[in-house]
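The structure appears below as structure tokens.
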Amino acid sequence: MSEEALMKRTDYLSWDQYFMGIALLSAQRSKDPGTQVGACIVSPENKILSMGYNGMPIGCSDDEMPWAREGDPLDTKYLYVCHAEFNAILNSGAKTLQGATLYVTLFPCNECTKAIIQCGIKKVVYMEDKYPDSDAVIAAKRMMNMTGVVYQRYNEPHRDITLHL
């Protein structure tokens with residue numbers, strides 16, 4: 001047996017790459033034509049607790065609900081869509097999220113941040129901060145700073161992950 005065969009691989013995914021990859025894969029379930037967001041919640045022991053993506057509430061037909069970004073508020077998606085972080089928290093069922101880390105493809109809004117804080121998530125790793133000057137993100141960061149929720153930008157090198165099915 002070669003010496004190389006006796007050593008472990010060194011090109012495996014880091015935990016951050018793995019969990020952000022799951023968040024990115026979850027985002028692909030979103031039917032939103034403009035913004036697809038995915039989230040993955042992980043325990044301090046690196047066990048996946050829950051996942052979610054942005055979409056309409058259960059029972060609200062994706063074909064009948066509005067997806068517009070502009071116009072009368074009742075005719076846009078904003079009053080209806082559940083965000084990925086919120087869905088991941090709700091999807092966790094009875095599992096405790098105390099001390100967990102949330103991997104999310106877009107920085108959380110103020111409403112999702114309230115839920116993040118209330119359920120005990122202690123760290124947020126985000127891929128993109130598209131709206132840093134918006135009131136929703138400024139308020140979210142203010143609340144995270146006050147409560148000790150750590151947030152950090154995902155900065156692992158991009159890897160193309162090939163799925164072999």
- Query: What's the shortest heavy-atom distance between Ser30 and Thr35, and which atoms?
  - Reply: OG-O, 3.9 Å
- Please examine the side chains of Val125 and Thr101, heavy atoms only from C-beta on, and report whether any two atoms are closer than 4.5 Å. yes
- Query: Under 3.5 Å, side chain of Ser134 to main-chain N/O of Tyr131, donor-acceptor pair present?
  - Reply: yes
- Message: I'd like to know whether NZ of Lys130 has more than 12 heavy-atom contacts from other residues, nucleotides or ligands below 6.0 angstrom.
- Response: yes
- Check whether more than 12 heavy atoms from other residues, nucleotides or ligands sit under 6.0 Å from atom CZ of Arg153, and answer yes or no. yes
- Message: For a side chain to side chain contact (heavy atoms under 4.5 Å, CB included) check, start with the C-alpha distance between Leu24 and Thr105, then their side-chain angles and the critical distance, and finish with the verdict.
- Response: CA-CA 7 Å; Leu24 286 163; Thr105 58; 3.7 Å; yes
- Any donor and acceptor pair, going by atom type alone, linking the side chain of Glu64 with main-chain N or O of Cys60 inside 3.5 Å? no
- Task: Check whether more than 12 heavy atoms from other residues, nucleotides or ligands sit under 6.0 Å from atom CD of Gln152, and answer yes or no.
- Result: yes
- Check: Tyr103 ring centre within less than 6.0 Å of Tyr126 ring centre: no
- Note on the structure: dist Tyr78:OH -> His83:NE2 (nearest 0.5 Å) comes out at 8.5 Å
- Note on the structure: Nearest heavy-atom approach of Ile121 to Val149 is O-CG2, 3.6 Å
- Task: Using salt bridge (Lys or Arg N to Asp or Glu O under 4.0 Å) as the criterion, list what pairs up with Lys141, not counting sequence neighbours.
- Result: Asp129
- Item | Residue pair Phe19, Ile48: steps toward the side chain to side chain contact (heavy atoms under 4.5 Å, CB included) verdict | CA-CA 8 Å; Phe19 298 131; Ile48 296 172; 3.7 Å; yes
- Message: Using modelled atom types and a 3.5 Å cut-off, is there a donor and acceptor pairing between side-chain atoms of Tyr80 and backbone atoms of Leu74?
- Response: yes
- Item | Distance-only side-chain donor-acceptor flag, Glu45 / Ser43, under 3.5 Å | yes
- Hydrophobic cluster membership, Phe86 vs Met56, 4.5 Å side-chain cutoff: no
- Item | Least distance between heavy atoms, Leu97 atom then Ser92 atom | CD1-OG, 3.7 Å
- Over all atoms of both residues, closest heavy-atom pair of Asn87 and Gly55: ND2-N, 4.1 Å
- What distance separates Lys122 NZ from Ile117 CD1, expressed to the nearest 0.5 Å? 8.5 Å
- Look at the side chain of Thr76 and the backbone N and O of Arg69, then say whether any donor-acceptor pair between them is shorter than 3.5 Å. no
- Item | Contact check, side chains of Tyr53 and Val37, non-hydrogen atoms, under 4.5 Å | no
- Query: Would you say Trp67's side chain and Lys31's backbone share a donor-acceptor pair under 3.5 angstrom?
  - Reply: no
- Item | ILVMFWY network linking Tyr151 to Val137, side-chain heavy atoms under 4.5 angstrom | yes
- Determine whether more than 12 heavy atoms belonging to other residues, nucleotides or ligands lie under 6.0 Å from atom CG of Leu79. yes
- What is the distance from atom CG of Asn54 to atom CD of Gln36, rounded to the nearest 0.5 Å? 7.0 Å
- Message: Measuring from atom CG of Asn91 to atom OG of Ser26, what distance do you get when rounded to the nearest 0.5 angstrom?
- Response: 9.5 Å
- Shortest non-hydrogen contact from Ala88 to Ser50? O-OG, 2.6 Å
- Lys95 side chain to Leu49 backbone, donor-acceptor under 3.5 Å: yes
- Is it the case that more than 12 heavy atoms not belonging to Asp135 sit under 6.0 Å from its CG atom? no
- State yes or no: do Leu102 and Leu106 share one hydrophobic cluster built from I, L, V, M, F, W and Y residues joined by side-chain heavy-atom distances below 4.5 Å, directly or via other members? yes
- Item | Val104 reachable from Met143 in the ILVMFWY side-chain graph, under 4.5 Å edges | yes
- Query: Quick one: CG on Asp62 to CG on Asp32, what's the gap to the nearest 0.5 Å?
  - Reply: 10.0 Å
- Message: Quick check: is Met127 connected to Tyr18 through a chain of hydrophobic side chains (ILVMFWY, heavy atoms under 4.5 Å apart)?
- Response: yes
- Note on the structure: Rounded to the nearest 0.5 Å, the CE atom of Met20 sits from the CG atom of Asn155 at a distance of 10.0 Å
- Query: So do the side chains of Cys119 and Gln98 get within less than 4.5 Å of each other, counting heavy atoms only?
  - Reply: no
- Item | Nearest atoms (heavy-atom pairs only) where Ala100 meets Ile41 | CB-CG2, 3.7 Å
